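Heads up, the thing below is written out as structure tokens.
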Amino acid sequence: MRQYFEKMTEFGVELNKGQMLSSEKNVADIKEVEAGIDQEVDKVKNAGMPTEKINARGVMTVWQRLEYLVDPGTWNPLHTLFNPEDNVEGTTNVIDGLAKISGKWCVVAGFDNKVMAGAWLPGQPENILRATDLSKRLNIPLVWLVNCSGVKLTEQEKFYANRRGSGTTFYRHAELEQMGIPVLAGIYGTNPAGGGYQGISPTILFAHKNCNIAVGGGGILSGMSPKGYFDLEGAEQLIKSAKEYKAKPPGSVEIHHDETGFFRYVYEEEKGVLDGLKDYMKDMPAYNPKFFRVAEPKDPRFPAEDLYRLLPHNQKQIYNFKEIVARLVDGSEHMEFRPDYGPEVYTGLVKMDGYLVGVIGNNQGWLGEDYPEYADYGGIGGKLYRQGLIKMNEFVSLCGRDRIPMIWFQDTSGIDVGDIAEKAELLGLGQSLIYSIQQTDVPMTLITLRKGTAAAHYVMGGPTANRHNAFTLGVGTTEIAVMHGETAAAASFSRRLVKEKDAGRPLEPIIDKMNTLAQEYHDNSQPAFCAKQGMVDEVVKMSDLRSYLKAFAGASYQNPKSICPQHHLITPRIIKG
Amino acid sequence: MSTEILAPMPGTIFQVHVKEGDDVIEGQELLVLEAMKMENPIVSTAAGKVKDVQVKVDDKVATQQLLLVIE
């Protein structure tokens, strides 16, 4: 099948001087957003105790452990700004991402030992479930850097219990193991209670000599004689007990290596633990990339910096979507699927680091007075019409059949509305697309280029497709909300305006409310907010997008659960005709 | 030789970035046409001098209507 893939059709054009000139402000606008995101990321990295203080204790920080552990240039962080409960610490205390260790893709997750010794915090269970889900979706190992002091006791009611509470992680680890996905854990520091189960639940445990894992810690043991109140005598007893247990915390390596054998290995040095993980990662199940690659990897023919000029920061401004794709895919080559049908949607096969992937995204701009064919009004890109929905259903189904991972791009204002659109079956076709996605069982990822709006955000492979969407990325231009803020304000208050007008009352108070709502919609749809709430899994610089997409493709093909032989692929043959 | 810049779609002129006598280069944004709530930058297809701006902000235009001329 090399005739199909070694040299596909080139697309995209080089930027001319006029475009360079006209896009200067756009570059500055997007980079300003990115600089703001950088500041937020720095806050997370610097949360808790200073690195020097941790190092002075002879201990590495989680960031230093990660740097030593992962292959250089392969760290693709996720959930850095995720903090849905607005913790004062500014973090969920879990650092995770996609990375290679010893040449193999894996999900890496670690507790930030600078912040409350790696305690469980509100929002953390959801963060961890995203990491375990990613490992499950991509069928790749999960590597933990455990260093967890257990529940932040003063906020336990927010995350300890419940269906998706902190303990769910341990079931997810068991689920991964049930599926044949290994969970490796390097264990540092004191890990009582929840921290103990974070330590014991993985598949193979690599322990630092000073670590411990236990059902309960010294603090819990010393507090086990409640008499209904605290007094001076009780306080003195607690001090005595705490000192005793601090001197000898339960579950040390003497117990869990020498006695129980839970720790497979014990290392004198912190880096030894990481070396142990690296050594094991060499043997994790993975195909050689040549097994699945359809061509040698090659860079796009145009620089990634062009993206800052091609994607307008102004949400209303149209652009050429294909020019975006041409900056991201190997050789700026593709095989476009049904270019003459459903013009509001791009569908095509591309190569990402030599691997075949499917791409779907919203074309932008005027579609002509004769489209959509079922209506007497013209069409505009970003909206979804009958043909586009049918085309996406077809392409998704073909990619599923051919076991081709998919990259979605969203910049959508929604699905066409009104009785004409209903007669054209758009409601049903949207749900059909959800059904088609669910049928594929192939990994997908999404880049929300600009608007993720209305039901279109659901049906176009969004994070709600959470059995398929491995992760969702935002960029400096991302904006996610059910609808535009002004539309929402009009929908919410138009009848009230009529009432007030009819009653002869002043309209200004209602207008103020409308403006407030519109502003809230704006503020709550911006990239940093989306990352904090988890609407996207990371906000990424335009110039870093390809790194994530290469990670996605490489991880998807590392050890897939099913295979389509290249010479049995039907999608490229349908495109060729 | 002159180049006519035509409206690619019906809409309303939202912004005009150039005036007669301005030098422009290929790809430079000349004006913005609003259609269906979206802003469509109209760019120069040639380098030259703006000769004849036939529209102003808020003008409604039809598809293929002449917007300006580059000489």
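The shown structure was predicted, so the numbers you read here are calculated from the model rather than taken from an experiment. Chain A is the first sequence line, chain B the second, and so forth, proteins listed ahead of strands; every chain is numbered from 1.
Within the structure, salt bridge (Lys or Arg N to Asp or Glu O under 4.0 Å) pairs that include any residue of residues 7-32 of chain B comprise Lys19(B)-Asp22(B), Asp23(B)-Lys49(B) (at least two apart or interchain).
Considering OG of Ser44(B) and CG of Asn16(A), their distance stands at 9.0 Å, rounded to 0.5 Å. Separation of atoms NZ (Lys316(A)) and CG (Asn40(B)) is listed at 11.5 Å; rounding is to 0.5 Å. To the nearest 0.5 Å, the span separating NZ on Lys37(B) from CD on Gln315(A) amounts to 14.5 Å. Taken from OG in Ser413(A) to CE in Met36(B), the straight-line distance is 9.0 Å, to the nearest 0.5 Å. Between Ile318(A) atom CD1 and Glu39(B) atom CD the span is 10.5 Å, to the nearest 0.5 Å. We find the CZ-CD distance between Phe14(B) and Gln317(A) to be 10.5 Å, quoted to the nearest 0.5 Å.
Atom OH of Tyr374(A) sits in a crowded spot, with more than 12 heavy atoms from other residues, nucleotides or ligands closer than 6.0 Å. Within 6.0 Å of atom CD in Glu32(A), 12 or fewer heavy atoms from other residues, nucleotides or ligands are found, so the atom counts as exposed in its surroundings. Glu14(A) CD: 12 or fewer foreign heavy atoms inside a 6.0 Å radius. Around the CG atom of Leu427(A), the shell of radius 6.0 Å holds no more than 12 heavy atoms that belong to other residues, nucleotides or ligands.
Looking at every heavy atom in both residues, Ser22(A) comes nearest to Gly27(B) through OG-O, 4.1 Å. Nearest heavy atom pair, residue Thr63(B) against residue Glu369(A), reads OG1-OE2, 3.7 Å. Listed here is the closest heavy atom pair of Trp366(A) and Pro10(B): CZ2-CD, 3.6 Å.
Listed by chain and number, the residues in a side-chain hydrogen bond (donor to acceptor under 3.5 Å, both in side chains) with Glu486(A) amount to none (sequence neighbours excluded).
Contacts between Ile380(A) and chain B at a heavy-atom distance below 4.5 Å involve backbone atoms as well as side-chain atoms.
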